[in-house]
Amino acid sequence: MPELPEVQTIVDYLNHHVLDIFIKKTIVHLPKILKNKTPQEFEKLLINHKIVKIKRLGKYLLFFLSNNLVLSVHLRMEGKFYYQAKEEWFNLAHTHIIIEFNNGMQLRYNDTRQFGTFHIYEQQSFLDSKELKKIALDPLDNNFSAQYLYEKLKKSNKAIKTALLDQSVVSGIGNIYADEILFAAKIFPTILAKNLTLKNYEKITKEAQRILLLSIKNKGTTIHTYKFGNDETGLFQKMLLVHTHAKEPCQICGTIIQKTKVNGRGTYYCPNCQN
DNA sequence: CAGCGAACCTGAGGGC
DNA sequence: TGCCCTCAGGTTCGCT
């Protein structure tokens, strides 16, 4: 499901709604979402504590708790959070975890495909965890640069699109934005990363930052099921130039947009602009 | 280590 | 209406 702009939108929304409220109870309908705790341990660790701050690391949401623990959540393809009154209807079939606050509201984790993950770590060591330690800088990080990307990829035999999807190279970019970034940078998706120049990486970096920021401004991209807050959708899908536009004329040059598979992922490109 | 497909799941949509 | 196939904002595992 969500990539950097969608996760950032969800983090921004939740930071405005769920901070500094005591957690009253938790309900876990699908224990396998909790990867390193039992439902009993999960409740014991959260109850009578508060969420102090929520941050994003790549595509992970990090909930910092008042007891110096960190709840790290990955939404994978379809994970969603709803913040609703406990009386309000919800889809029982796909709501797997509920955190209820003492103000009568519930934070509900909904995930049709059940791919999402919850981990709880100590605040001083969460970055050492197996999943989080490999997350590279994202393009909006102050320390990110074209030089950084170039150094990481100048010997890589991967297709540039595959490299951009590798979260240990650059984090936050997924299938939609990889296509849009390479289109904007006029780079063919299957070119090997090692064959690109620093100048190419400067273009990729610049376009990645522009596109991701523009998408955050538009609350992300809703193609299938991504939602944030109380069932709101993003708007950036209206600004996609290649992704989902197979068989349509390119808005820049009129050539028909092609769809293919790169590393098993649907990939859209303009054979003229990205030649 | 690279590269590839399968696996994890459910549901929507198209073709017949 | 129903069946079968493909596809889906992601990641990890296991095989060659």
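Naming convention: chains lettered A, B, ... in sequence-line order (proteins, then strands); numbering from 1 in each chain.
A:K158 has no side-chain polar atom (N or O) that falls below the 4.0 Å cut-off from OP1 or OP2 of B:dG3. Note on A:K259: every side-chain N or O is 4.0 Å or more away from OP1 and OP2 of C:dT6. Dashed line: the shortest gap from a side-chain N or O of A:H94 to OP1 or OP2 of B:dC9 is not under 4.0 Å. An OP1 or OP2 oxygen of B:dC8 is reached within less than 4.0 angstrom by no side-chain nitrogen or oxygen of A:K32. A:K134 has a side-chain polar atom (N or O) that falls below the 4.0 Å cut-off from OP1 or OP2 of C:dT12. In this structure, A:R76 does not reach the B:dC8 phosphate: none of its side-chain N or O atoms is under 4.0 Å from OP1 or OP2. Put simply, A:K130 has a side-chain N or O that comes within less than 4.0 Å of OP1 or OP2 on C:dC13. OP1 or OP2 of C:dT11 sits under 4.0 Å from a side-chain N or O of A:Q167.
Both A:H74 and A:G266 lie close to DNA chain C; mapped to their nearest nucleotides by heavy-atom distance, the more 5′-ward contact belongs to A:G266.
Rounded to whole Å, atom P of C:dT11 lies 12 Å from atom CG of A:L57. Regarding A:Q114, its CD atom lies at a distance of 15 Å from the C1' atom of C:dG10, rounded to whole Å. One atom, CD of A:E131, and another, P of C:dC13, lie 10 Å apart when rounded to the nearest Å. Rounded to whole Å, the distance from CZ on A:R265 to P on B:dA7 is 18 Å. The nearest whole Å value for the distance from the CG atom in A:N263 to the P atom in C:dT12 is 14 Å. At whole-Å resolution of the value, CZ in A:R113 and C1' in C:dG10 are 9 Å apart. Going from atom CG of A:D179 over to atom P of C:dG10 covers 10 Å, rounded to whole Å. Distance, A:N110 CG to B:dC9 P: 17 Å, rounded to whole Å.
B:dC8 has its base stacked against the ring of A:F115, the centroids being under 5.5 angstrom apart at an interplanar angle below 30°.
Across B:dC9 and C:dC13, the matching P atoms stand 14 Å from one another, rounded to whole Å. Nucleotides C:dC3 and B:dC8 are separated by 24 Å at their P atoms, to the nearest Å.
Distance check, rounded to the nearest 0.5 Å: CG of A:N200 to CG of A:L153 gives 11.5 Å.
Within the nucleic acid shown, A:T222 comes within 4.0 Å of at least one base atom, counting heavy atoms only. Within the nucleic acid shown, A:T112 comes within 4.0 Å of sugar-phosphate atoms alone, with no base atom in reach, counting heavy atoms only.
Between A:Y109 and A:F118, the distance separating the two ring centers is shorter than 6.0 angstrom.
Side-chain contact, A:Y177 with A:E6: a donor N or O sits under 3.5 Å from an acceptor N or O.
Looking only at distances, no side-chain donor or acceptor of A:E43 sits under 3.5 Å from a matching main-chain atom of A:P39.
Between A:I97 and the choices A:L34, A:N110, A:T26, A:V73, the side-chain contact (heavy atoms from CB on, under 4.5 Å) rule is met once, by A:L34. No option in A:E78, A:H96, A:K32 other than A:K32 meets the side-chain hydrogen bond (donor to acceptor under 3.5 Å, both in side chains) test with A:Q114. Under the side-chain hydrogen bond (donor to acceptor under 3.5 Å, both in side chains) rule, A:H243 has a single partner from A:D179, A:T221, A:N175, which is A:D179.
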Might you list the N or O atoms of the protein lying below 3.5 Å from N or O atoms in nucleotides 14-16 of chain C, with each pair's distance?
none

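Pairing for C:dC4 goes to B:dG14, judged as Watson-Crick or G-U wobble with the two contacts each under 3.5 Å.
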| request: Start with the C-alpha gap between A:E202 and A:K199, add the side-chain angles, then the distance that decides, and say whether salt bridge (charged side-chain N to carboxylate O under 4.0 Å, His left out) holds. | output: CA-CA 5 Å; A:E202 283 168 358; A:K199 209 168 181 93; 5.3 Å; no

